Trainee: 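Dropping the structure in here first, questions after.
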Amino acid sequence: MSLLSDLPRDEEKRSLHFIEQIIEEDNLSNKHQGRVHTRFPPEPNGYLHIGHAKSICLNFGVAEKYGGKCNLRFDDTNPEKEEEEYVQSIMEDVRWLGFQWDNEPYYASDYFQQLYEWAVLLIKKGVAYVDDQPQEMISQQRGTPTRPGIESPFRTRSIEENLHLFEAMKRGEFPNGSRVLRAKIDMSSPNMHMRDPVMYRILHAEHHRTGNIWKIYPMYDFAHGQSDYIEGITHSLCTLEFEVHRPLYDWFLDQIIETEYRPRQIEFARLNLSYTVMSKRKLLELVQKGIVKGWDDPRMPTIAGLRRRGYTPASIRNFSDRIGVAKRDNVIDVGLLEFVLREDLNKTTNRVMAVLNPVRLVITNYPEGQTEWVELENNPEDTESGSRHVPFGRELYIEKDDFMIDPPKKYFRLAPDREVRLKGAYVVKAVRYELDDKGELSTIYGVYDPETKSGSGTKQPKVKGTLHWVDASSAVDAEVRLYDRLFMDEDPAGHKDRDALDFLNPDSLVILKNCKVEPSLAQAQIGDTFQFQRIGYFCVDTESQKDALVFNRTVPLRDNWAKLNK
RNA sequence: UGCCCGAUGGUGUAAUUGGCAACACGUCUGACUCUGGAUCAGAAAAGUCCAGGUUCGAACCCUGGUCGGGCAACCA
């Protein structure tokens, strides 16, 4: 009978977060005739980040769950900060995450005329007035949280004068900052936002959509609720810092609404991620100071950065799902983000062989000049993925870390007189090694057992370790960029006396130029993702070229050996 | 020292709205493994910010504190 019983079984069992509870109560009481309409309202003044992703998943997710709609609305009421470039990137990011907004994108700027008319209405009702005072004066008169404000001398202006002045403001007859339109509410309200808030300011600036038509622009508070109202939004979800704005949101709506319908603002806690910063201001600073290479630098928590890093839309949606929605401040361990990423990539990406820090391994009893093609599974987690053939020869590259002259106990890899399995090929034993003039390991010499070929069916010796390798004669060179967290502090922006930039991780990017990858990777396209066997997940960077491959490390594999040695 | 909001294992989120505090990540064992990955089995870890009260029974209701966050842009 109820909507509840229409939900799929597993959804039904899962407990509802507080916003879903509100929606279901509204549906039960038929508040909006069962209608659910949300919106994601970014200001186009920067790139979207993982925190926005939470909001996107929430707004679109809730709409989808209850058979409703979700609008994309650009909150573009401040022409001085907003740009078309950001509009484009935001649309791209939302689509990439896998969401489809209802209709065309909406813009608060589409409502400028309507908003203006409502402002005139408020003046006529005697609840808005033009203030001629300079900004500093108005700010002074506002008082403090603990001391009431005082009323502006222009507060009692006649309606006619207000109308004329506001008209003149609109016509552009006054310079920036010379006058504002204010709501006449209560200068002694304990809520600072109710102390005659500014509704309109004069801005002789070019707007990215309306050009130079408007000389006055509405403030957020005078635009947002009305925009929601115009679009028929039922549940207007925003972050906690807008909680104190809610009385004002409702007050403006009270002035203009004649219908029973009205949107409701509901606040939830924004996402905080450990070891990173999330404010647009800080992110912009990282870009402008050249600490990262741009908004889409793979170390950035922006959607664009995560995408370039190799994150999948599904992993971000799962993440958003697992972190939940509540009202208490939170700091999510970045490890959770990495967990959902690996969870997704493990199931979906093909395994390939790549040696990041190569050292030569010569198999002395393998025929010189011979190459054989060994078969390797593409993805043991996905039976559909098939297999491929990879060349194997007398000279190979293996990982420097996979050989130790004097290994500790529990080291399962290659060492003098020790045997390991070369993945998909043979068991080899190291017999001797050479050092270069700097004392660095240069070549390992070993012997293989022809009887031990993978898949040959003969009974195999037990070896402790399996190594990845690349055939030296056919290996392809590649550059690999190892990314790590940008900050070494768990909460870089959370220190009163220190700047987040004090905690930068000097090793957040390590570039490896001499990597050897299996020949099939020569065909890899930008954006392709792989698991480099035993190392981690990697993707082809946007800067990669046909004969100058560049891979980004998306996230390393879990590594118990590394943990043991910590 | 005004107003608003919040407080549950290390982290995050639950608790059928007053009925044995659960799930996930992380941590630690062990099994398995031609990825020290994955998978599987198990363990430790909170007695719900504090103090009172109501109740047969309180994480949940009441009172008073404590701590944390937000609010004084012509930003959103």
Side-chain angles (χ1 to χ4, degrees), chain A residues 13-17 21 41-43 45 75-78 80-82 108 131 134-135 138-140 142-149 176-182 189-195 197-203 216-217 219-221 223-224 238-247 267 269 274 280 322-340 342-343 346-347 351 353 376-377 380-381 410-413 420-425 427 452 454-455 460 463-468 531-537 556-564:
Chain A
K13 271 193 265 176
R14 178 128 158 251
S15 59
L16 305 172
H17 58 67
Q21 284 176 25
E43 182 188 13
N45 70 340
D75 218 334
D76 55 352
T77 56
N78 185 357
E80 291 183 326
K81 289 186 179 168
E82 295 146 8
D131 197 332
Q135 189 169 166
I138 291 177
S139 160
Q140 246 178 55
R142 189 154 11 237
T144 70
T146 52
R147 219 183 35 251
N176 285 2
S178 58
R179 284 179 172 80
V180 290
L181 182 70
R182 292 226 258 167
S189 169
N191 183 340
M192 299 290 295
H193 297 277
M194 300 299 272
R195 323 243 262 227
V198 173
M199 295 165 60
Y200 269 91
R201 75 281 216 192
I202 298 169
L203 242 35
I216 53 172
Y217 290 90
M219 300 290 292
Y220 166 85
D221 288 304
H224 206 93
C238 64
T239 45
L240 250 26
E241 66 268 30
F242 291 100
E243 208 153 22
V244 284
H245 292 245
R246 184 162 14 102
E267 310 84 12
S274 62
K280 278 189 192 175
R322 293 193 192 214
I323 59 177
V325 180
K327 294 194 73 159
R328 77 182 80 122
D329 294 322
N330 61 83
V331 182
I332 309 284
D333 187 345
V334 67
L336 181 62
L337 218 209
E338 295 181 343
F339 168 80
V340 294
R342 290 193 187 99
E343 182 183 47
N346 175 48
K347 289 180 301 196
R351 276 61 172 165
M353 301 279 227
L376 286 166
E377 255 182 316
E381 303 292 322
K410 294 242 185 146
Y411 185 82
F412 300 154
R413 310 176 189 179
V420 294
R421 158 79 56 188
L422 293 177
K423 176 88 185 168
V427 171
T452 58
S454 294
Q460 301 291 330
V463 290
K464 281 260 191 57
T466 301
L467 307 188
H468 62 280
Q531 186 198 95
F532 286 1
Q533 197 91 215
R534 297 210 307 137
I535 303 175
Y537 297 98
L557 246 31
R558 285 185 57 196
D559 188 350
N560 279 316
W561 170 243
K563 201 158 40 176
L564 251 175

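Chain A is the first sequence line, chain B the second, and so forth, proteins listed ahead of strands; every chain is numbered from 1. All figures in this text were calculated on a predicted structure; none of them were measured in a lab.
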Trainee: Taking the same atom, P, in B:G9 and in B:A22, what whole-Å distance lies between them?
Mentor: 14 Å
Trainee: Considering every strand and a 4.0 Å limit on heavy-atom distances, what is the contact class for A:F339: base, sugar-phosphate, or nothing?
Mentor: sugar-phosphate
Trainee: Taking atom C1' in both B:G19 and B:G57, compute the distance separating them and give it to the nearest angstrom.
Mentor: 7 Å
Trainee: Looking only at atom C1', what distance separates B:A15 and B:A46, rounded to whole Å?
Mentor: 14 Å
Trainee: Looking only at atom C1', what distance separates B:G12 and B:A45, rounded to whole Å?
Mentor: 15 Å
Trainee: Any idea which heavy atoms bring A:R534 and A:L467 closest together, and the distance?
Mentor: NH2-CD2, 3.5 Å
Trainee: Can you name the residues that form a side-chain contact (heavy atoms from CB on, under 4.5 Å) with A:R147, not counting sequence neighbours?
Mentor: A:T144
Trainee: Mind telling me whether B:U66 is syn or anti, cutoff 90° either side of 0?
Mentor: anti
Trainee: Using a heavy-atom cut-off of under 4.0 Å over every strand shown, decide if A:S189 touches base, sugar-phosphate, or nothing.
Mentor: nothing
Trainee: Base, sugar-phosphate, or nothing for A:R246, non-hydrogen atoms under 4.0 angstrom?
Mentor: nothing
Trainee: Give A:Q533 one of three labels, base, sugar-phosphate or nothing, depending on what nucleic acid heavy atoms sit under 4.0 Å from its own.
Mentor: base
Trainee: Report which part of the nucleic acid A:E343 touches: base, sugar-phosphate, or nothing (heavy-atom distance under 4.0 Å, all strands).
Mentor: nothing
Trainee: Under 4.0 Å, heavy atoms only, any strand: does A:R351 hit a base, just the sugar-phosphate, or nothing?
Mentor: base
Trainee: Is RNA chain B part of any stem, that is, at least 3 consecutive Watson-Crick or G-U pairs with both distances under 3.5 Å, and where?
Mentor: B:2-7 with B:66-71, B:10-13 with B:22-25, B:27-31 with B:39-43, B:49-53 with B:61-65
Trainee: Under a 3.5 Å distance rule, please check whether A:T452 uses its side chain to pair with a backbone N or O of A:V427 as donor and acceptor.
Mentor: yes
Trainee: Hey, does A:K347 reach any base, or is it just sugar-phosphate, or nothing, if we go heavy atoms under 4.0 Å?
Mentor: nothing
Trainee: Check every strand shown and say whether A:V244 touches a base, only sugar-phosphate, or nothing at a heavy-atom separation below 4.0 Å.
Mentor: base
Trainee: For residues A:I332 and A:L337, determine if any side-chain heavy atom of one lies less than 4.5 Å from a side-chain heavy atom of the other.
Mentor: no
Trainee: Remember a base hit wins even if backbone is also touched, and classify A:V325 as base, sugar-phosphate or nothing at under 4.0 Å, heavy atoms.
Mentor: sugar-phosphate
Trainee: Students often get this wrong, so: under 4.0 angstrom with heavy atoms, is A:G465 touching a base, only sugar-phosphate, or nothing?
Mentor: nothing
Trainee: Could you pull out the closest heavy-atom pair between A:P556 and A:R342, with the gap in Å?
Mentor: O-NE, 2.8 Å
Trainee: Check A:D75 against A:E82 and note the closest heavy-atom contact, atom names and distance.
Mentor: O-OE2, 3.5 Å
Trainee: Pick one for B:G69: is it syn, with its angle within 90° of 0, or anti?
Mentor: anti
Trainee: Should A:M219 and A:V180 count as side-chain neighbours, where that means a heavy-atom distance under 4.5 Å?
Mentor: no
Trainee: With P as the reference atom in both, quote the distance from B:C25 to B:C40 in angstrom, rounded to an integer.
Mentor: 10 Å
Trainee: With rounding to whole Å, what would you report as the distance between B:G69 and B:C62 at their P atoms?
Mentor: 25 Å
Trainee: Base, sugar-phosphate, or nothing: which does A:G149 touch, judged by heavy atoms less than 4.0 Å apart?
Mentor: nothing
Trainee: Taking for each residue the nucleotide of RNA chain B with the nearest heavy atom, is it A:Y411 or A:H224 whose nucleotide lies nearer the 5' end?
Mentor: A:Y411
Trainee: I need the minimum non-hydrogen distance between A:L557 and A:Q531, along with the two atoms involved.
Mentor: CD1-NE2, 3.8 Å
Trainee: Counting any heavy atom closer than 4.0 Å, what does A:Q531 reach on the DNA or RNA strands: base, sugar-phosphate only, or nothing?
Mentor: base
Trainee: If the P atom of B:G64 is compared with that of B:C56, how far apart are they to the nearest Å?
Mentor: 24 Å
Trainee: Measure across A:K347 and A:E381 and return the closest heavy-atom pair with its distance rounded to 0.1 Å.
Mentor: CA-CB, 4.3 Å
Trainee: Which nucleotide of RNA chain B is the first, and which the last, in the 5' to 3' direction, to come under 4.0 Å of a heavy atom belonging to chain A?
Mentor: B:U1 to B:A76
Trainee: Take the angle between the ring planes of A:H245 and A:Y220 and call it parallel below 30°, perpendicular above 60°, tilted in between.
Mentor: perpendicular
Trainee: Mapping A:R558 and A:T452 onto RNA chain B by nearest heavy atom, which one lands closer to the 5' end?
Mentor: A:T452
Trainee: Would you indicate what A:N191 reaches in the nucleic acid, counting non-hydrogen atoms under 4.0 angstrom: base, sugar-phosphate, or nothing?
Mentor: nothing
Trainee: Syn if the chi torsion is within 90° of 0, anti otherwise; quick check, which is B:A31?
Mentor: anti
Trainee: Rounded to whole angstrom, note down the P distance from B:C71 over to B:G65.
Mentor: 25 Å
Trainee: So A:R328, base contact, sugar-phosphate only, or nothing? Heavy-atom distance under 4.0 Å.
Mentor: base
Trainee: Whether the side chain of A:S454 engages the backbone of A:A425 through a donor-acceptor N/O pair (distance < 3.5 Å, no angle test) should be reported.
Mentor: yes
